[in-house]
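A, B, ... follow the sequence lines: proteins, then strands. Residue 1 opens every chain.
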Amino acid sequence: MIYSFIFAFIVGGLICVIGQLLMDVGKLTPAHTLSLLVVAGSILGGLGLYEYLIDFAGAGATVPITSFGNSLTGGAIAEAEKHGWIGVLTGMFEVTSSGISAAIVFGFIGALLFKPKGTID
Amino acid sequence: MVIVFGTKPAILACAAVTGPLEKRSVFKSYFDTIMDDERFQENTNEKGQMVLVQEACQVLMKKADVKNLDIDYFLSGDLVNQMTPTSFAARELAVSFIGLFAACATAVSSLIIAGLLTELGASNFAIAGASSHHNATERQFRYPVDYGAQKPATAQWTVTAAGFALVGKYHEGMPYMAAATVGKVIDYGQDNPFHMGAAMAPAAYSTITTHLKKRNQKISDYDVIFTGDLGKIGLKLLKAMFAEDGIKSEELNILRDGGEEYFGEDTRFQAGASGAGCSASVFYSYVDLQMRTGRYKKVLLVATGALLSPLSYQQGETIPCIAHAVELTV
Amino acid sequence: MNEQRYQTIEQQISPKPPIGMNMLKAFLVGGIICAIGQAISYFYIIFFDFTEQTAGNPTVATIIFIAMLLTGFGLYRKLGQFAGAGSAVPVSGFGNAVISASIEHRTEGFVLGVGSSMFKLAGSVILFGVVSAFFVALIKLILVTIGVVSW
């Protein structure tokens with residue numbers, strides 16, 4: 001069990017380092033960086049490689065935004081297997097709904113509870 | 001274009017009001033009022049900025065002992081879309097108003113126009129100046145304030161501040177405008193909105209050299225040449241440009257920058273302060289007082305502005321910049 | 001001074017991002033967030049009837065909930081300044097992008113402000129995620145149909 005934490009730490013940290021390199025060396029904005037990582041996760045998912053990463057690193061692979069691309073692709077492919085062409089469109093959000101729905105709900109609640117603050121400390 | 005003022009329009013009084021964070025500024029003892037709520041008890045940033053402008057004008061009129069009915073013109077601007085905070089403040093002020101946009105150079109462009117109106121005899125009292133509000137500007141130009149994006153060391157912190165000057169006819173002992181240079185828009189191909197100092201430095205250089213050349217002056221003729229908000233890196237770049245022209249380093253020390261000094265050495269503000277209120281609150285508090293107390297006799301105020309919008313940046317345009325200069329003497 | 005000469009000077013004088021330090025900070029913070037994620041998923045596996053495969057969903061939701069609190073109290077911004085991609089790349093960064101935009105646009109009301117501006121920053125992630133998933137799945141479907149690969 002302790003190893004799963006270490007692997008999650010290392011793999012998750014390395015994915016973030018790739019993101020940092022894209023921002024610092026590639027001069028990309030955060031939005032560009034995250035979009036690129038999502039596309040990368042989606043392609044790795046399509047090749048069936050992201051599954052191995054999740055088996056190995058657990059949350060180290062499911063928490064970074066790359067996993068969002070992977071699960072969108074996973075959902076689309078799973079439905080495509082069952083229903084063919086139509087499934088590509090309908091299956092997409094089957095697996096990933098939690099991230100988006102949580103962000104929407106907590107975004108709404110956050111707007112109810114908080115005010116933006118421009119403090120430095 | 002260099003303007004020489006024959007009638008010597010005077011700066012009769014100055015006022016600067018800031019938000020709560022600006023009490024960390026090295027200039028804080030020169031500010032008239034430091035408010036303790038960043039929204040000024042209003043429910044939106046933009047309304048807060050409106051209150052900031054109103055408050056600064058009230059302080060100014062009180063200091064000069066004039067009423068709003070005595071004011072002939074109110075010339076000002078800010079950084080928010082269509083400048084609603086300034087226009088809304090002008091609604092309360094109820095005087096003839098011209099809204100001006102030159103980004104952070106508005107502090108001086110408004111002063112130049114006030115000087116011209118006075119020179120024409122069209123104005124006895126004109127209020128000129130500018131303001132900015134950190135949260136309102138962040139959401140306008142960058143990200144929501146609570147978004148966790150990493151700002152580089154070249155980024156600058158938009159201040160919440162307003163600075164205004166009351167311009168009137170020549171008055172013995174008051175600082176007056178001797179000349180002014182209306183800058184040209186300069187674009188040296190810089191395109192990083194987190195590195196405004198580098199975009200604006202060439203505009204400041206262009207305006208200062210034009211002014212000195214047309215006026216037959218040297219840098220050392222001035223006690224200080226104060227730029228608005230080039231920041232720590234922008235000021236270094238400006239000095240580097242003058243150094244290339246063979247200006248000695250002791251002469252370069254005459255060049256100072258409001259944004260560079262605003263928050264001292266606090267690295268959390270990265271390259272220093274910026275915003276229309278940055279130059280305005282430094283010029284119309286600290287610099288003004290230094291002239292009234294006789295420490296400075298001849299000053300060149302150069303406010304720099306980056307003429308970008310979020311739209312122009314997203315469409316991949318470079319950042320054109322402008323600098324306006326006014327020569328003050330006492 | 002011409003534009004090219006200025007750009008040379010600008011390159012010399014402007015500070016470069018401390019790439020090594022930024023990478024280290026991104027690694028540490030990103031790694032810690034993922035390790036916390038791992039702990040949360042164990043929590044759901046042990047105390048609720050989730051499996052290794054299904055624990056990802058409640059884990060993501062929990063992390064976004066934590067991101068909401070940190071964003072609201074202004075802490076995520078500070079974390080982001082320190083960690084860079086370390087706090088932007090985990091799903092908490094996605095949450096922060098949505099939640100900070102929601103909080104910011106509250107002043108325009110819930111329909112015109114929160115509703116329409118919520119995905120101002122994070123929308124591109126959803127767009128590219130969905131579009132790339134569509135094309136990847138489509139390509140795989142075509143490859144399966146012509147018999148190059150199997151499901």
Side-chain angles (χ1 to χ4, degrees), chain A residues 1 4-5 8-17 19-21 23-25 30-31 33-35 37-39 42-43 45-46 58-60 62-65 67-69 72-73 76-77 80-81 84-85 88-89 92 98-100 102-104 106-111 113-117 119, chain C residues 17 19 22-23 26-35 37-41 56-61 63-65 68 71-72 74 84-86 88-91 93-95 98-99 101-104 106 110 114 118 121-122 124-126 128-130 132-134 136-141 151:
Chain A
M1 189 162 160
S4 70
F5 282 98
F9 177 82
I10 293 174
V11 171
L14 286 176
I15 294 174
C16 293
V17 167
Q20 189 71 38
L21 283 171
M23 296 203 291
D24 281 355
V25 181
T33 307
L34 296 186
S35 304
L37 287 174
V38 166
V39 172
S42 157
I43 292 170
T62 57
V63 170
I65 199 75
S67 104
F68 183 63
L72 284 170
T73 311
I77 288 178
E81 197 178 343
W85 301 96
V88 176
L89 271 181
M92 224 172 270
S98 77
I100 294 179
I104 293 176
F106 294 132
F108 183 80
I109 296 173
L113 295 179
F114 299 106
K115 277 184 176 179
K117 280 182 274 304
T119 50
Chain C
I19 293 172
N22 280 353
M23 278 166 63
F27 179 73
L28 288 177
V29 174
I32 288 169
I33 293 175
C34 291
Q38 187 70 19
I40 295 170
S41 60
N57 284 338
T59 304
V60 163
I63 291 175
I64 292 177
F65 174 73
M68 176 188 82
T71 305
V89 170
V91 72
F94 175 77
V98 174
I99 295 158
S102 306
I103 296 175
E104 187 69 56
R106 167 73 183 85
F110 280 101
V114 179
M118 183 178 251
L121 296 164
S124 56
V125 170
I126 298 179
F128 284 101
V130 169
S132 65
F134 175 77
V136 168
L138 196 64
I139 290 167
K140 184 139 188 188
L141 182 67
W151 289 110

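- Both the backbone and the side chain of A/Ile43 come within contact range of chain C, judged by heavy atoms closer than 4.5 Å.
- Across every non-hydrogen atom of C/Ile103 and A/Lys115, the tightest pair is CG2-C, 3.7 Å.
- When all heavy atoms of C/Val114 and A/Ala111 are compared, the pair lying nearest together is CG2-CB, 3.8 Å.
- Within a 6.0 Å radius of CZ in C/Phe128, no more than 12 heavy atoms belonging to other residues, nucleotides or ligands are found.
- In this structure a side-chain-to-backbone donor-acceptor pair under 3.5 Å is present from C/Gln38 to A/Ala59.
- Using a 4.5 Å cut-off between heavy atoms, C/Leu141 touches chain A through its side chain atoms alone.
- Residue with the most contacts toward chain A among C/Pro17, C/Gly129, C/Gly72: C/Gly72 (heavy-atom pairs, distance under 4.5 Å).
- Heavy atoms of C/Ile126 lying under 4.5 Å from chain A belong to its backbone as well as its side chain.
- One distance of note links CG of C/Leu138 with CD1 of A/Ile77; it measures 10.5 Å at 0.5 Å rounding.
- Ring geometry for A/Phe108 against C/Phe110 counts as tilted: the plane angle lies between 30° and 60°, on a 0 to 90° scale.
- The closest side-chain heavy-atom distance from A/Leu34 to C/Val89 is below 4.5 Å.
- Chain C forms more heavy-atom pairs under 4.5 Å with one residue of A/Val25, A/Ile100, A/Val11, A/Thr62 than with any other, namely A/Ile100.
- For a residue to count as touching a neighbouring chain, one of its non-hydrogen atoms must lie under 4.5 Å from one of that chain's; by this rule C/Ile64 touches chain A with backbone and side chain alike.
- Separation of atoms CD1 (C/Ile99) and CG (A/Leu113) is listed at 11.0 Å; rounding is to 0.5 Å.
- In terms of heavy-atom pairs under 4.5 angstrom with chain A, the leader among C/Thr59, C/Ile139, C/Ile19, C/Thr71 is C/Ile19.
- Contact between A/Ser35 and C/Ser124 at its shortest, heavy atoms only, is OG-OG, 3.5 Å.
- Ranked by heavy-atom pairs under 4.5 Å with chain A, the list C/Ser41, C/Gly86, C/Gly56 is led by C/Gly86.
- Annotation for A/Gly99 and C/Phe94: closest pair O-CE2, 4.1 Å, computed over non-hydrogen atoms.
- Residues forming a ring pair (Phe, Tyr, Trp, His ring centres under 6.0 Å) with C/Phe134 (at least two apart in sequence, or on another chain): none.
- Of all the listed residues (C/Ala122, C/Ala39, C/Pro58), the one sharing the greatest number of non-hydrogen pairs under 4.5 Å with chain A is C/Ala39.
- Partners of C/Asn57 by side chain to side chain donor-acceptor pair (under 3.5 Å), not counting sequence neighbours, listed by chain and number: A/Ser98.
- Remark: the backbone N or O of C/Met23 is not paired with any side-chain donor or acceptor of A/Gln20 at under 3.5 angstrom.
- C/Val98 has its side chain out of reach of A/Ile104: every pair of non-hydrogen atoms, C-beta onward, lies at least 4.5 Å apart.
- Looking at A/Leu21, the atoms closer than 4.5 Å to chain C (heavy atoms on both sides) all sit in the side chain, from C-beta outward.
- Contacts of C/Leu28 with chain A are made by both backbone and side-chain atoms, with heavy-atom separations under 4.5 Å.
- A/Val38 approaches C/Ser132 most closely through the heavy-atom pair O-OG, 4.4 Å.
- In terms of heavy atoms, C/Val136 sits closest to A/Ser42 at CG2-OG, 3.6 Å.
- Heavy atoms of C/Ala101 lying under 4.5 Å from chain A are absent altogether.
- Heavy atoms closer than 4.5 Å to chain A are found in both the backbone and the side chain of C/Val130.
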